[in-house]
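Take a look at the structure below.
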Amino acid sequence: MSAAEINHTKGLLLTALGGMALTVDIPLIRLANGEAWTILMMRTGATFLSALVVWTIWRSITPKAPQLIPGRTGLIVSGLYGLGSITFVTGVFNTSTANLVFILAFNTMFAALLSWVFLKERPQPVTLVTMAVMILGVLIIVGSSLGTGHLFGDLMGLCSAFFIACAITISRASGKDMGFTALVGVILPCLVAIFMVTSKGSFQIEAPWWIIFNGAVIMPFSFFCLANGPKYISGPEVAMFYLLETVLAPVWVWMIFSEVPSRNSLIGGVILIVALVFHSMWQLHQGRRRRMARPVRHPV
């Protein structure tokens, strides 16, 4: 196996682990049962402190530990992840779990579009068709929210998907280690949440241990894996592992809270998932064909 194939496999494993951990994020937020800004403050605060402790220990063991924020590029990526965190938690409290995670799946296509525009990685016709189908799926979901009070939450989910795709694309372009950058980025939403909670005097949370576990363990592990993925695999490939949350988070919420998605949400979600699964299978097939087409080098 060549070095490029080893790195690609490493990237797939990292992002798969990160995507799987991310599937329990929304259920843990819901289990904490608190006010939105309080949840955001505790979640991001625990994530930042956990990341700082891990980085300090890592740095004391070896000077090769990655930077917290690698230069100006890292600062931009950090800010984008911070904005994504604010819009994500806002979406959790303003729309259904199914709507939110189905819309978040659109970050795959955002990543492909941004890679096309800024990295000159022109998507194949199949990818363009997949984008069009996904737009249809998102329109069905968002359209069903008109007049239900969920439209704002749906739009926040769409903003979160866009911010994450931007962060993935910039990370990919820089080639830098952004493992801790996503974690440091939570300081922005944490400061905003602290201001909102103190100004309102509304610290409300019933089960803080769930959100502390989420912020201190689940988020650092997930973000570290997903933020490191672009070093080894393309932006659209990284974004596709966010699909695990799209598929599994509504299942966990249905099992724990008996929250059943609406008919239009299911229709739009199925369209999104089928389109992305088809596109993922096509990408794997193309990758296998390219590897088989490479000339075999025999030892001299």
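Throughout, residue positions are numbered sequentially from 1 according to the sequence presented. Bear in mind that the values here come from a model prediction, so they are computed numbers and not experimental data.
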Please set out all donor-acceptor pairs under 3.5 angstrom arising from side-chain atoms of residues 22-32, sequence neighbours excluded.
from  : atom 1 : to     : atom 2 : distance (Å)
Thr23 : OG1    : Met20  : O      : 2.7
Thr23 : OG1    : Trp252 : NE1    : 3.3
Asp25 : OD1    : Arg43  : NE     : 3.3
Asp25 : OD1    : Asn214 : ND2    : 2.8
Asp25 : OD2    : Arg43  : NH2    : 2.9
Arg30 : NH1    : Thr97  : OG1    : 3.0
Arg30 : NH1    : Glu259 : OE1    : 3.0
Arg30 : NH2    : Glu259 : OE1    : 3.1

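- Minimum interatomic distance between Ser174 and Ser171 (heavy atoms only, all atoms of both residues): OG-O, 3.0 Å.
- Contact of the Cys166 side chain with the Leu114 side chain is registered, since non-hydrogen atoms from C-beta on lie closer than 4.5 Å.
- In this structure, Pro70 and Thr181 approach most closely via the heavy-atom pair CD-OG1, 3.2 Å.
- One hydrophobic cluster, built from ILVMFWY side chains closer than 4.5 Å, holds both Phe93 and Ile256.
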May I have the step-by-step check of side chain to side chain contact (heavy atoms under 4.5 Å, CB included) for Ile212 and Trp209, ending in yes or no?
CA-CA 5 Å; Ile212 291 172; Trp209 49 87; 5.5 Å; no
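- No side-chain donor-acceptor contact under 3.5 Å links Asn99 to the backbone of Thr95.
- Separation of atoms CE (Met41) and CD (Glu35) is listed at 9.0 Å; rounding is to 0.5 Å.
- Residues Leu100 and Phe88 form a side-chain contact, since some pair of their non-hydrogen atoms from C-beta on lies under 4.5 Å apart.
- Between Trp37 and Lys200 there is a side-chain heavy-atom pair separated by less than 4.5 Å.
- Ring-centre distance between Trp55 and Phe224: not below the 6.0 Å cut-off.
- Taking hydrophobic clusters as Ile, Leu, Val, Met, Phe, Trp and Tyr residues chained together by side-chain heavy-atom distances below 4.5 Å, Leu226 does not share a cluster with Leu17.
- Going from atom CG of Leu40 over to atom CD1 of Ile194 covers 9.5 Å, rounded to the nearest 0.5 Å.
- Between Phe203 and Met42, some side-chain heavy-atom pair lies under the 4.5 Å cut-off.
- When atom types are taken as modelled, the side chain of Thr38 and the backbone of Gly34 share no donor-acceptor pair closer than 3.5 angstrom.
- Contact annotation: the side chain of Phe221 never approaches that of Val217 to less than 4.5 Å [non-hydrogen atoms, C-beta and beyond].
- For Gly18 against Ser222, the heavy-atom pair with the smallest separation is O-OG, 2.8 Å.
- In this structure, the side chains of Phe180 and Val54 come closer than 4.5 Å at one or more pairs of heavy atoms.
- The closest side-chain heavy-atom distance from Thr44 to Ser85 is below 4.5 Å.
- Remark: the backbone N or O of Gly84 is paired with a side-chain donor or acceptor of Ser160 at under 3.5 angstrom.
- Side-chain atoms of Phe213 and Ile218, non-hydrogen and from C-beta on, do get closer than 4.5 Å to each other.
- Heavy-atom minimum distance, Ser50 versus Pro220: OG-CG, 3.7 Å.
- Cluster membership for Val92 and Met255, using ILVMFWY side-chain heavy atoms within less than 4.5 angstrom, is shared.
- There is no path of hydrophobic side-chain contacts, each under 4.5 Å, that joins Val133 to Val274.
- Using modelled atom types, one side-chain atom of Ser199 and one backbone atom of Phe195 make a donor-acceptor pair closer than 3.5 Å.
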Can you list the steps and then say if Leu158 with Phe162 is a side chain to side chain contact (heavy atoms under 4.5 Å, CB included)?
CA-CA 6 Å; Leu158 202 59; Phe162 178 72; over 6 Å; no
